[in-house]
Amino acid sequence: MSEPPLFERIYAIVRQIPPGKVATYGQIARIVGGCSGQMVGFALASLRGTQTNVPWQRVINRMGKVSPHGAGFGSAIQEDLLREEGVEFDIEGRVDFEKYGWMGM
DNA sequence: CGTATGACGAGCC
DNA sequence: AGGCTCGCCATAC
């Protein structure tokens with residue numbers, strides 16, 4: 001069949017996340033179906049930066065925290081971008097899924 | 001062309 | 001209760 005690559009489908013889901021909201025790798029993987037959370041992480045890592053229009057910053061891990069990807073700076077930028085959108089971080093750097101969770105998680 | 005890596009999650013012992 | 005393995009797709013060298 002002629003369905004787009006799995007990664008492309010993941011990008012489409014992330015792109016649907018509204019500003020001021022955050023989603024988890026597992027959540028997206030579950031929506032896409034047929035792939036594990038790692039696929040989502042790999043897909044976003046393949047973006048190599050802001051080449052795509054995918055708000056990868058709105059995607060965080062299951063613990064409500066960002067992952068230590070890249071040299072450790074990428075995660076810092078991610079938090080900064082989310083703060084710019086209105087997302088608040090806990091003392092531990094965690095996000096409230098009850099408030100900012102996508103789809104009302 | 002083949003190998004290795006890359007931002008998780010859940011289950012199993 | 002804790003630690004470890006497996007699963008999965010794409011890209012780069």
Side-chain angles (χ1 to χ4, degrees):
Chain A
M1 316 310 170
S2 323
E3 281 185 30
L6 182 61
F7 274 38
E8 184 117 354
R9 200 185 296 175
I10 293 170
Y11 301 143
I13 303 294
V14 178
R15 218 175 296 165
Q16 284 171 51
I17 302 175
K21 296 268 186 173
V22 293
T24 66
Y25 298 99
Q27 175 83 44
I28 294 165
R30 186 165 131 182
I31 294 167
V32 174
C35 73
S36 41
Q38 198 172 35
M39 300 280 81
V40 182
F42 292 173
L44 298 180
S46 290
L47 292 173
R48 284 206 249 159
T50 55
Q51 261 185 14
T52 52
N53 297 319
V54 180
W56 55 272
Q57 67 250 30
R58 290 179 197 147
V59 186
I60 55 183
N61 61 21
R62 192 61 176 149
M63 299 180 275
K65 285 179 79 174
V66 299
S67 296
H69 58 93
F73 287 96
S75 49
I77 294 168
Q78 187 168 6
E79 283 189 31
D80 189 49
L81 289 169
L82 289 174
R83 283 188 184 189
E84 290 285 305
E85 301 209 340
V87 179
E88 289 185 36
F89 282 84
D90 202 333
I91 299 293
E92 294 181 54
R94 299 209 331 191
V95 183
D96 262 329
F97 284 115
E98 307 256 331
K99 287 165 77 174
Y100 306 107
W102 188 32
M103 287 179 158
M105 243 173 88

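Order of the sequence lines fixes the chain letters, A, B, ..., with proteins taken first and strands second; residue numbering starts at 1 for each chain. The figures here come from the full heavy-atom set of this structure, side chains too, leaving out hydrogens, waters and symmetry mates. This is a predicted model, so every value here is computed, not measured.
Inter-residue side-chain proximity for F97(A) and I60(A) is flagged as met; some heavy-atom pair is nearer than 4.5 Å.
Note that the CD1 atom of I31(A) and the CE atom of M103(A) stand 4.0 Å from one another [nearest 0.5 Å].
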>> Set out, in order, the CA-CA distance, both residues' side-chain angles and the distance that settles salt bridge (charged side-chain N to carboxylate O under 4.0 Å, His left out) for R58(A) and E85(A), then state yes or no.
In response: CA-CA 10 Å; R58(A) 290 179 197 147; E85(A) 301 209 340; 2.8 Å; yes
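Side chain of Y11(A) to backbone of N53(A): no donor-acceptor contact under 3.5 angstrom is found. Judged by distance alone, with hydrogens and angles left aside, the side-chain atoms of E79(A) form no donor-acceptor pair with the main-chain N or O of S75(A) at under 3.5 Å. The backbone N or O of M63(A) lies less than 3.5 Å from a partner atom in the side chain of N61(A), making a donor-acceptor pair.
Nucleotide dA10(C) holds its C1' atom 12 Å from the CD atom of E8(A), rounded to whole Å. Look at CH2 on W56(A): it is 15 Å from C1' on dG6(B), rounded to the nearest Å. As a whole-Å value, the separation of F42(A) CZ from dA12(C) C1' is 14 Å. In this entry the distance linking NZ of K65(A) with C1' of dG9(B) reads 17 Å, nearest Å. As a whole-Å value, the separation of L44(A) CG from dA10(C) C1' is 12 Å. Counting to the nearest Å, the P atom of dA7(B) and the CG atom of L47(A) are 13 Å from each other. When the C1' atom of dA7(B) is taken as reference, atom OH of Y11(A) falls 12 Å away, rounded to whole Å. For L6(A) and dT11(C), the CG to P distance is 11 Å, given to the nearest whole Å.
Set against dA7(B), dC8(C), dG6(B), the side chain of H69(A) has dA7(B) as its closest nucleotide. Closest to the N61(A) side chain, of the nucleotides dG7(C), dG9(B), dA7(B), is dG9(B). Distance from the side chain of Q38(A) is smallest to dG7(C) among dG7(C), dA10(B), dG6(B). Distance from the side chain of A45(A) is smallest to dA7(B) among dT11(C), dA7(B), dG9(B).
Contact between the side-chain N/O atoms of S67(A) and the OP1/OP2 oxygens of dC8(B) is found at a separation under 4.0 Å.
Nucleotides dC8(C) and dC12(B) have their P atoms positioned 15 Å apart, rounded to a whole Å. Rounded to whole Å, the C1' atom of dA7(B) lies 22 Å from the corresponding atom of dG3(C).
Heavy-atom distances under 4.0 Å link DNA chain B to Y25(A), G26(A) of residues 18-33 of chain A, given in residue order.
By the 6.0 Å contact criterion, CZ on R15(A) is enclosed, its count of non-hydrogen atoms from other residues, nucleotides or ligands being greater than 12.
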